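Given the structure is predicted, the values throughout are model-derived calculations rather than measurements. We use all heavy atoms of the structure for the numbers below, so side chains are in, but hydrogens, waters and symmetry mates are not.
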Amino acid sequence: MKKLVFLSVAMAAMMMLSCGGNTHQAEREEDTVDAYDQIRDHTLYGLCGAVPSTSQLKVITDVGDTLTLDITPALENHKMLGSVRVGDRLAVMTNKKQTEATEVININLLLGDWVMPDPLDGSDEIGIRIKEGGVAESIEMTNITYRTWRIFNGKLEITSIREGGGEAEETNYFDILKLSADTLVYKTIGKPQDEEETMEYSRWREKPEPDLHGLKLEEHQDEYMKL
């Protein structure tokens with residue numbers, strides 16, 4: 001009888017330990033999933049398949065799904081970034097059921113050369129070149145060398161190297177405020193308020209040559225007359 005009681009107590013203790021261990025393991029697994037979820041890109045990528053109405057957008061995703069999204073939330077929150085046409089490549093943030101679009105970024109419009117007057121003297125234009133394949137380049141800038149870009153959870157992520165920083169890359173995140181055929185505006189996020197910047201770019205256009213009314217500039221052969 002004593003042996004039976006001892007065995008019962010031992011089995012109960014083992015079950016309690018086992019249950020406790022599973023509880024801790026489940027908590028660890030849940031924490032791991034949450035941590036991974038925070039660093040996972042939830043952006044949906046695809047092509048505009050159709051624009052059925054002013055409040056709907058049909059997207060053919062990169063995995064082959066066709067989604068019809070209500071874009072009312074994006075419109076109301078000024079997160080419809082760029083007008084959309086059939087065939088445009090899009091980056092879209094949606095609700096969990098993938099029935100509503102909370103943000104739509106037209107990647108086709110984002111690509112290109114974006115410039116602004118040099119803040120130092122305004123005489124030259126500086127900026128960023130956003131290319132396909134996630135490549136970013138600096139335009140007439142000596143203090144910052146842009147390297148890469150991507151959309152991450154609806155934010156613009158840019159890596160760069162600053163002058164004097166060696167080869168160490170830094171990554172910054174930006175909230176896109178406006179995007180059109182001729183305008184790109186984004187603001188730094190995740191930094192102290194005194195380090196926040198709003199970058200206002202215009203799409204680079206080739207400047208027309210000045211009208212000299214038929215006159216031609218002659219080149220000076222004298223070395224002293226050359227600038």
(Q) With a 4.5 Å cut-off on side-chain heavy atoms, are Glu140 and Asp124 touching? (A) no
Q. Can Ile128 and Ile139 be said to form a side chain to side chain contact (heavy atoms under 4.5 Å, CB included), step by step?
A. CA-CA 5 Å; Ile128 182 171; Ile139 298 177; 5.8 Å; no
Q: Identify the heavy atoms of Pro52 and Lys58 that sit nearest to each other, and give their distance.
A: CD-N, 4.1 Å
Q: Could you grab the distance from atom CG of Leu111 to atom CZ of Arg129, nearest 0.5 Å is fine?
A: 12.5 Å
(Q) side chain to side chain contact (heavy atoms under 4.5 Å, CB included), that's the test. Do Glu170 and Ile161 meet it? Break it down for me. (A) CA-CA 6 Å; Glu170 65 175 62; Ile161 295 178; over 6 Å; no
Q.
Within this structure, what is the CD-NZ distance for the pair Glu200 and Lys187, rounded to the nearest 0.5 Å?
A. 11.5 Å
Q. Does a side-chain N-to-carboxylate-O contact under 4.0 Å join Glu137 and Lys131?
A. yes
Q: Would you check, one step at a time, whether the test side chain to side chain contact (heavy atoms under 4.5 Å, CB included) holds for Glu100 with Thr94?
A: CA-CA 5 Å; Glu100 296 181 344; Thr94 70; over 6 Å; no
Q.
Is any side-chain heavy atom of Thr61 closer than 4.5 Å to one of Leu67?
A. yes
(Q) Count I, L, V, M, F, W, Y as connected when their side-chain heavy atoms are under 4.5 Å apart, and connections chain through other members. Are Ile151 and Ile60 then in the same cluster? (A) no
Q | Under 3.5 Å donor-acceptor, Ser138 side chain and Ile144 backbone | A | yes
Q. Do Leu110 and Asn108 come close enough that some side-chain heavy atom pair is under 4.5 Å?
A. no
(Q) Using salt bridge (charged side-chain N to carboxylate O under 4.0 Å, His left out), reason through Lys79 and Asp175 one step at a time and then give a plain yes or no. (A) CA-CA 10 Å; Lys79 285 299 181 179; Asp175 188 16; 2.6 Å; yes
Q) Minimum heavy-atom separation for Glu169 to Arg147, with atom names? A) OE2-NH1, 3.3 Å
Q. What's the shortest heavy-atom distance between Asp62 and Gly46, and which atoms?
A. OD1-CA, 3.6 Å
Q | Heavy-atom pair of closest approach, residues Asn77 and Pro73 | A | ND2-O, 2.9 Å
Q) Would you say the side chain of Tyr146 lies within less than 4.5 Å of the side chain of Met141, judging by non-hydrogen atoms? A) yes
**Q.** Thr171 versus Thr159, side-chain donor and acceptor atoms under 3.5 Å
**A.** no
Q) Do Asn106 and Leu90 come close enough that some side-chain heavy atom pair is under 4.5 Å? A) yes
Q.
Is a donor from one side chain sitting under 3.5 angstrom from an acceptor on the other, for Asp70 and Thr72?
A. yes
Q) Would you find more than 12 non-hydrogen atoms of other residues, nucleotides or ligands less than 6.0 Å from Lys191 atom NZ? A) yes
Q | Spacing of CG belonging to Leu75 relative to CG belonging to Leu57, to within rounding of 0.5 Å | A | 10.0 Å
(Q) Just verifying a value: how many Å separate Leu47 CG and Ile107 CD1, rounded to the nearest 0.5 Å? (A) 11.0 Å
Q. Yes or no on side chain to side chain contact (heavy atoms under 4.5 Å, CB included) for Ile105 and Thr43, after CA distance, side-chain angles and deciding distance?
A. CA-CA 10 Å; Ile105 303 172; Thr43 312; over 6 Å; no
Q | Ile126 with Phe174, same ILVMFWY side-chain cluster at under 4.5 Å | A | yes
(Q) Rounded to the nearest 0.5 Å, what separates atom NZ in Lys155 from atom CE in Met93? (A) 8.5 Å
Q. Does a side-chain heavy-atom distance below 4.5 Å link Leu184 with Ile130?
A. yes
Q.
Would you compute the distance between atom OG1 of Thr183 and atom NZ of Lys178 and round it to the nearest 0.5 angstrom?
A. 5.0 Å
Q: Verify, without hydrogens or angle tests, whether Asp88 (side chain) and Leu109 (backbone) share a donor-acceptor contact under 3.5 angstrom.
A: no
Q) Is there a donor-acceptor pair under 3.5 Å between the side chain of Thr188 and the backbone N or O of Glu197? A) yes
Q) Under 3.5 Å, side chain of Asn172 to main-chain N/O of Ile158, donor-acceptor pair present? A) no
Q.
Restricting to non-hydrogen atoms, name the atom on Glu103 and the atom on Gly154 that form the minimum distance, rounded to 0.1 Å.
A. OE2-O, 3.1 Å
Q. Hey, quick one: are Ile176 and Met199 part of the same hydrophobic cluster, counting side-chain heavy atoms closer than 4.5 Å, chains of contacts allowed?
A. yes
(Q) So Trp114 and Arg203, do their side chains get closer than 4.5 Å, heavy atoms only? (A) yes
Q: Answer yes when Glu157 and Arg150 have at least one side-chain N-carboxylate O distance shorter than 4.0 Å, and no when they do not.
A: yes
Q. Heavy-atom distance under 4.5 Å between the side chains of Trp149 and Leu156, does that happen here?
A. yes
Q) Looking only at heavy atoms, which two atoms of Leu179 and Leu81 are closest? And how far apart? A) CD2-O, 3.6 Å
Q. In terms of heavy-atom contacts, does CD of Glu195 have more than 12 from other residues, nucleotides or ligands at under 6.0 Å?
A. yes
